[in-house]
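In what follows, a structure is listed as structure tokens, so that the remarks can point back to it.
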Amino acid sequence: MKIKYLLTVIATVAITKNSFAQYAQDVVRFSTFQNGSTSRIKAIGNAGTAIGGDLSSISGNPAGLGFFTHSEFNITPEFDGSKVNSAYFGQNANTTNNHGNLNNASVVIYQQLNIQKGRDKTKGWLSINYGAGYSRTNNFYEDINYGGRNPNNSISDYFAGIANNHPNDALGGWAYNHGIVDNFGTSTNPDYASTVSTPINQNGIISRTGGQSEFDFAFGANYSNKLYIGVGVAITDIRYDYYRQFTETGSASIPPNGGTVGVPTDFNSAYVQSQSTRGNGANIKLGVIYKPIEALRLGFTFTSPTYYSIDDSYNEGLTTNINGRASQSDQLGASSFTYDMRTPLKLAGGAAFFIGKYGFISGDVEYIDYASAHINSNQDFDNTSDINQIKADYRSTINVHVGAEARVTSMFYLRGGYSQQGSPFKNNSTATDITGDIKTVTGGIGLRFGAYYVDATYAHITGSEVITPYLIDAGNPTASFKKTNNNAFLTLGYRF
């Protein structure tokens with residue numbers, strides 16, 4: 001016989017991190033940004049560390065600004081097309097999301113240094129150039145839909161675990177009041193468990209919007225047309241919104257009104273979570289490019305950790321409809337939280353080999369240690385759990401970029417490239433949201449008309465993700481996703 005006892009915490013609105021433990025995952029999500037770039041550099045796989053002379057240097061390797069011999073401005077809008085194919089208990093689905101953005105806008109001001117009369121004009125400090133720009137460094141826009149028939153367990157098993165292990169969390173009380181969790185123990189020794197029968201139909205919806213961006217200010221200097229150095233400062237911004245709905249439809253063993261013995265009854269429930277994150281931060285970049293011979297350029301960039309101040313707002317709710325009863329709904333008021341975080345530093349090295357006036361081949365490698373990401377404690381938050389999770393689940397990785405440009409005529413250029421961004425997750429990661437390597441194949445063209453130019457690039461991006469919608473003692477369900485982005489970029493530029 002089921003004995004019901006009212007949870008003493010049902011009236012509370014306290015929420016613990018076990019309901020939505022993803023601060024550690026967010027700090028890594030916000031650490032996977034890439035340097036902003038023009039269509040030209042995107043077309044060569046973002047292998048721009050050693051190129052120089054492109055406005056991407058403002059947000060990439062600031063030493064590249066030293067190559068400019070004139071002032072220049074350009075702007076790059078983008079079109080992003082996202083498609084996600086899902087698989088969950090043998091059932092497949094797909095969703096799309098198309099949108100446009102401003103990807104990059106930059107300007108450089110050329111300043112030639114005074115050279116004394118009679119002095120060799122190719123020796124010493126020849127110029128110092130100043131640049132400023134806006135870049136979109138991360139894109140979060142995507143929609144995900146997955147569903148299937150779970151033969152093993154229900155999200156109500158997760159709710160029951162909350163009720164047993166975290167009695168101060170209102171979510172367990174909601175599930176108990178709604179009847180999808182019941183007490184199979186006593187008032188002094190409760191044992192909460194699911195009343196839902198399996199198999200159960202489950203469906204998940206995830207919507208992500210927003211992005212990361214940078215406002216960069218940099219300068220680069222030219223010494224004897226051999227050595228180029230640069231420094232940059234970036235003011236960074238995060239805007240991230242997340243919405244998740246997980247629904248179940250099936251049968252639960254629910255006592256009738258006034259009864260104590262459960263009767264199989266049709267029901268459906270929807271568990272909703274939403275998060276809104278806003279943040280601002282800053283980092284610095286130091287860069288150098290050296291030409292040992294005219295045909296070869298070697299580049300190096302140090303990007304400091306980005307120090308962020310984050311404002312996070314979270315909400316969740318549970319709605320249950322039981323056949324023959326009025327709908328029940330509970331919702332937690334928006335819970336706000338502020339914390340500081342630090343992303344990992346990034347080291348990048350690259351080389352570019354120029355084949356006379358016919359073009360070049362370029363390659364970059366980047367090193368990032370995601371395990372060094374950090375979340376600070378404050379009076380409302382103990383970071384111990386998140387720091388342990390970061391060290392346990394994340395690793396260092398290498399990103400690779402290669403590309404080439406061919407000068408077909410004095411007006412027309414062809415470009416192609418490839419890049420691979422390594423996954424930050426260890427092979428034995430216990431994270432509930434795991435992403436794989438991101439691979440990008442690019443191609444583009446460039447046109448030159450005197451002081452004006454146009455560059456167009458197409459990027460085909462593939463990746464994967466595995467999400468665990470809820471955690472229980474054993475048999476956690478997983479949904480797998482194959483992601484594809486088909487993006488287009490167009491740069492319009494003017495030299496003056």
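The figures that follow rest on heavy atoms only: side chains count, while hydrogens, waters and symmetry mates do not. All residue numbers in this chain count up from 1 along the given sequence.
Ser59 and Gly36 make their closest contact through OG-O, 2.7 Å (heavy atoms, listed as atom of the first residue, atom of the second, distance). Pro344 and Ser372 get closest at one heavy-atom pair: CB-OG, 3.5 Å. Arg297 and Ile289 make their closest contact through CB-CG2, 4.2 Å (heavy atoms, listed as atom of the first residue, atom of the second, distance).
Side-chain contact check for Asp143 and Thr96: no donor-acceptor pair (N or O, by modelled atom type) lies under 3.5 Å. Side-chain N/O atoms of Thr468 and Asn476 include no donor and acceptor closer than 3.5 Å. Looking at Asn486 and Tyr458, their side chains do bring a donor and an acceptor atom within 3.5 Å of each other. Looking only at atom types and distance, the side chain of Thr38 has no donor-acceptor partner in the side chain of Asn74 under 3.5 Å away. There is a side-chain donor-acceptor pair under 3.5 Å between Asp26 and Gln275. Remark: the Asn103 side chain and the Lys42 side chain contain an N/O donor-acceptor pair separated by less than 3.5 Å. A donor-acceptor pair shorter than 3.5 Å cannot be found between the side chains of Asn280 and Ser309.
Between Tyr146 and Tyr88, the ring planes are perpendicular. Angles over 60° get that label, and only those under 30° would be called parallel. Between Phe246 and Tyr470, the ring-plane angle classifies as perpendicular under the 30° and 60° cut-offs.
Atom OH of Tyr358 sits in a sparse spot, with 12 or fewer heavy atoms from other residues, nucleotides or ligands closer than 6.0 Å. Within 6.0 Å of atom CZ in Phe73, more than 12 heavy atoms from other residues, nucleotides or ligands are found, so the atom counts as buried in its surroundings. With a 6.0 Å radius and a threshold of 12 heavy atoms from other residues, nucleotides or ligands, Tyr452 has its OH atom at or below the threshold.
The CG atom of Asp216 sits 10.5 Å away from atom OG of Ser56, with the distance rounded to the nearest 0.5 Å. With rounding to the nearest 0.5 angstrom, the CZ atom of Arg244 is 5.5 Å from the OH atom of Tyr242. A distance of 8.0 Å separates CD in Glu78 from CG in Leu102, rounded to the nearest 0.5 Å. Here Asn487 contributes atom CG and Asp80 contributes atom CG; the two are 4.0 Å apart, rounded to the nearest 0.5 Å. One finds the CG atom of Asp364 at 8.0 Å from the CD1 atom of Ile51 (value rounded to the nearest 0.5 Å).
Distance alone, capped at 3.5 Å, places no donor-acceptor pair between the His460 side chain and the Val441 backbone. Without hydrogens or angle criteria, Lys285 side chain to Gly230 main chain gives no donor-acceptor distance under 3.5 Å. Formation of a donor-acceptor pair under 3.5 Å by the Thr491 side chain with backbone atoms of Ser39 is found in this model. With hydrogens and angles disregarded, a donor-acceptor distance shorter than 3.5 Å links the side chain of Asp393 to the backbone of Thr430. Checked by atom type and distance alone, the side chain of Thr442 pairs as donor or acceptor with a backbone atom of Ala43 at under 3.5 Å.
Look at Arg278 and Asp241 and you find a salt bridge, because one of the NZ, NE, NH1 or NH2 atoms lies within 4.0 Å of a carboxylate O, short of that distance. A salt bridge is absent between Asp54 and Arg415: the closest approach of a Lys/Arg side-chain nitrogen to an acidic carboxylate oxygen does not fall below 4.0 angstrom.
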Validation: residues 128-135 side-chain donor-acceptor distances under 3.5 Å, sequence neighbours left out:
residue : atom : partner : partner atom : Å
Asn129  : OD1  : Gln111  : N            : 3.1
Asn129  : ND2  : Leu65   : O            : 2.6
Asn129  : ND2  : Phe68   : O            : 3.2
Ser135  : OG   : Asn104  : ND2          : 2.8

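Under the side chain to side chain contact (heavy atoms under 4.5 Å, CB included) criterion, Leu447 pairs with Phe412, Phe449, sequence neighbours left out. Under the rule for a side chain to side chain contact (heavy atoms under 4.5 Å, CB included), the partners of Asn225 that lie at least two apart in sequence or sit in another chain are Thr122, Leu126, Asn222, Tyr228. Partners of Ser480 by side chain to side chain contact (heavy atoms under 4.5 Å, CB included), not counting sequence neighbours, listed by chain and number: Ala87, Val466.
Between Tyr223 and Ile229 the shortest side-chain heavy-atom distance does not fall below 4.5 Å. Looking at Tyr370 and Val27, their side chains never come closer than 4.5 Å, going by heavy atoms from C-beta outward.
Counting only residues at least two apart or in different chains, ring pair (Phe, Tyr, Trp, His ring centres under 6.0 Å) contacts with residues 331-354 comprise Tyr23-Phe337, Tyr23-Tyr339, Phe337-Tyr339, Phe337-Phe381, Phe354-Phe360. Applying the salt bridge (Lys or Arg N to Asp or Glu O under 4.0 Å) definition to pairs two or more places apart or across chains, those involving residues 485-496 are Glu72-Arg495.
Between Phe30 and Tyr240, the ring centre distance stays below 6.0 Å.
Test Leu345, Val233, Thr236 against Asn283 for side-chain contact (heavy atoms from CB on, under 4.5 Å) and you get one pass: Thr236.
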